[in-house]
Amino acid sequence: MKIIHTSDWHLGQKLLYNDREEEHRLALDWLLQAIEQEQADGLIVAGDIFDIGNPPNYARSLYYQFLRKLLNTNCRHVVITGGNHDSPAMLNAPRELLQALNVHVVGAAGDDPAEEIVAWKDEAGRVEAIIAAVPFLRDRDLRYSVAGETGYDRVEQIRAGIKKHYDDVAAYLSEQFDTSGVPVIATGHLYATGAGASGRQDNIYIGNTENIEARQFPDLFDYVALGHIHRAQVVGGLDHVRYSGSLIPLSFSETKDEKAIYVLEWSGKTLDNIRSLPVPVFRRLKGISGNLEEVLESLSRFVQKDREGLEPWIEVSVELDRMVPELSTLLQDALEANGGGASILKIQALYPQRQELAQQNAPDLDTLEAEEVFKMKCEQYGSPPDQMDELLATFRELQSWMTEQEEV
């Protein structure tokens, strides 16, 4: 049996107010072609199908067109789970219709573990694989607020709730199914310890960095198909726990990542091989930085190169020692003078000398009390004055807890 693992399509995403429709269309066409060429039997999409809960019509159209075209391939089974960007109600709306086409959608977690179990069967009714289709677990799925709890308590309850959810799903599977001869695959949309993020996909749950360790997934799962982190990678040194990453680069911080999907080849319960299929670059995202002379030279070199695909988009960071009037016009003229063929989406002017001067004039932290530093940071980030007493009380509570931990 051959299964493809992908995630984080983010259909409908805009990059600095620019639509990504054509890139996503090309990426889904490529994915469909890969499914056909690989003669894949199943497809797993581990969350964040859409970028926002109410995606534009063209994004919905891309999604349903892809599923319709999938019916003409060898792919007999599909599991799609919701991510933190998805609207569970929107994903689940056509689930009964899609289920009749062997497309199983789990937009949100339910009270019964059975709601997240999908048994893939062949034409004779024999189970070929079992999928624990765990979507993004929202706070309400994991915990209840407790009066007087600290931030640390809340974080620990969330972590414990995530682990318990997977343990409960695994326990139900063990009781209801014979898993001895078929692959058991779990999905997840979270941040697992050891994953490397390219940009701001660090965390979903406020207050902590990692949500679960790779080794904490139950041993029952022969493979764990993860979503949320946009870089394809193995997690925690466990080859069977992986992020497939996003289908296209979703920000300029991801330009160095090789986008990919995973092809899993099974013989019964044995995972014989995992292959990474690189996704082509349909539009180049380029970050250019340096002083003005270096930026102009880099722009010239970049646009003079012949390349296929959609028009490249560029982010520019320029280090300046003085204000440069009409900097945007200057850079755009330099682009056009070398043939154009690219668009500058963002220009950031940096003044290192000013930053250095600001640091020199900064107060000496060694002379300040911890509460003073905390108060200054709150004021810097715009915290309302009428909230300061409450913020300081929370800070003192945290200090007290840290002191207690040091004494233990």
Side-chain angles (χ1 to χ4, degrees), residues 2-15 18-51 55 58-59 61-63 65-67 69-70 73-75 78-81 83 85-86 187 189 195-199 201 223 225-235 239 241-265 273-287 305 307-315:
K2 195 178 287 187
I3 300 171
I4 285 180
H5 165 206
T6 178
S7 72
D8 294 274
W9 294 355
H10 286 269
L11 303 178
Q13 189 234 12
K14 290 178 181 287
L15 182 58
N18 293 270
D19 286 332
R20 315 292 299 277
E21 178 179 359
E22 192 57 32
E23 292 164 82
H24 274 123
R25 187 184 307 280
L26 292 169
L28 290 179
D29 286 346
W30 174 86
L31 177 59
L32 193 71
Q33 184 179 22
I35 291 170
E36 290 176 325
Q37 291 178 345
E38 292 290 337
Q39 291 293 290
D41 302 291
L43 173 69
I44 294 174
V45 189
D48 280 356
I49 287 73
F50 298 101
D51 192 61
Y58 80 79
S61 178
L62 287 175
Y63 173 60
Q65 286 176 15
F66 174 84
L67 294 180
K69 293 175 182 176
L70 200 59
T73 70
N74 188 64
C75 187
V78 182
V79 162
I80 297 171
T81 59
H85 281 251
D86 294 312
T187 69
H189 197 89
S198 307
Q201 320 121 49
Y223 182 83
L226 295 177
H228 179 56
I229 301 300
H230 296 169
R231 178 183 294 166
Q233 60 193 288
V234 173
V235 184
D239 201 48
V241 181
R242 296 182 178 229
Y243 287 100
S244 63
S246 59
L247 207 53
I248 66 172
L250 296 167
S251 70
F252 285 100
S253 67
E254 299 178 30
T255 55
K256 295 182 180 179
D257 294 350
E258 182 181 79
K259 300 305 177 182
I261 61 174
Y262 286 125
V263 181
L264 316 175
E265 299 181 25
N273 189 27
I274 303 176
R275 287 187 288 115
S276 174
L277 285 186
V279 181
V281 177
F282 303 105
R283 184 196 301 278
R284 178 75 188 278
L285 302 184
K286 175 68 174 177
K305 292 180 180 178
R307 55 173 55 85
E308 297 179 351
L310 304 174
E311 178 187 73
W313 287 346
I314 303 173
E315 179 186 56

- Can you sort out the partners of F252 under ring pair (Phe, Tyr, Trp, His ring centres under 6.0 Å), two or more places apart, ordered by chain and number?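 For F252 there are no ring pair (Phe, Tyr, Trp, His ring centres under 6.0 Å) partners, ignoring immediate neighbours.
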- Item | Beyond-backbone contact of L310 with L26, side-chain heavy atoms, under 4.5 angstrom |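 Counting from C-beta outward, L310 and L26 do come under 4.5 Å.
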List for me each residue that meets side chain to side chain donor-acceptor pair (under 3.5 Å) alongside [X], sequence neighbours excluded, and say none if there are none.
X	result
D19	K14
D86	none
E265	R275
Q65	S61

- Message: Would L28 and L11 count as a side-chain contact (heavy atoms from CB on, under 4.5 Å) here? Give the steps.
- Response: CA-CA 10 Å; L28 290 179; L11 303 178; 4.0 Å; yes
Measure the spacing between [atom1] of [X] and [atom2] of [Y] and express it to the nearest 0.5 Å.
X	Y	atom1	atom2	result
R231	K256	CZ	NZ	10.0 Å
E38	L43	CD	CG	12.5 Å
L70	I35	CG	CD1	5.0 Å
W30	I261	CH2	CD1	4.0 Å
I248	Q13	CD1	CD	6.0 Å
L226	Y262	CG	OH	10.5 Å

- Name all residues meeting the side chain to side chain contact (heavy atoms under 4.5 Å, CB included) criterion together with S246; count only those two or more places apart in sequence or in a different chain, and write none if there are none. D8, H230, L250, E254, K259
- Message: Ring-plane angle category for F50 and Y63, please: parallel below 30°, perpendicular beyond 60°, tilted otherwise.
- Response: perpendicular
- Using the test salt bridge (Lys or Arg N to Asp or Glu O under 4.0 Å), find all partners of D41 that sit at least two apart in sequence or belong to another chain. R76
- With sequence neighbours left out, write down each residue that passes salt bridge (Lys or Arg N to Asp or Glu O under 4.0 Å) with E22, or none if nothing qualifies. R25
- Using a cut-off of 6.0 Å, state whether more than 12 heavy atoms not belonging to E308 lie near its atom CD.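 Check fails, neighbour count at 12 or below.
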- Message: Working note: L67 + I80, criterion side-chain contact (heavy atoms from CB on, under 4.5 Å); need CA distance, chi angles, decisive distance, verdict.
- Response: CA-CA 11 Å; L67 294 180; I80 297 171; 4.0 Å; yes
- Message: So does A46 get a backbone contact from the side chain of H189, meaning a donor-acceptor N/O pair under 3.5 Å?
- Response: yes
- Query: Just by modelled atom types, is the W9 backbone N or O under 3.5 Å from a matching donor or acceptor in the H24 side chain?
  - Reply: yes
- Query: Just checking, any donor-acceptor pair under 3.5 angstrom between side chains of T6 and S244?
  - Reply: no
- Query: Can you check side-chain contact (heavy atoms from CB on, under 4.5 Å) on Y223 and I274, steps first, answer last?
  - Reply: CA-CA 10 Å; Y223 182 83; I274 303 176; 4.1 Å; yes
- Query: Where is the tightest heavy-atom contact between W313 and N18, given as atom of each residue plus distance?
  - Reply: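 What the structure gives for the nearest pair is CH2-CB, 3.5 Å.
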Enumerate, atom names and distances included, each donor-acceptor pair closer than 3.5 Å involving a side-chain atom of residues 278-286, sequence neighbours excluded.
| unit_1 | atom_1 | unit_2 | atom_2 | d |
| --- | --- | --- | --- | --- |
| R283 | NE | E23 | OE2 | 2.9 |
| R283 | NH1 | E311 | O | 2.7 |

- Apply side-chain contact (heavy atoms from CB on, under 4.5 Å) to H10 and H85, showing your working. CA-CA 8 Å; H10 286 269; H85 281 251; 3.7 Å; yes
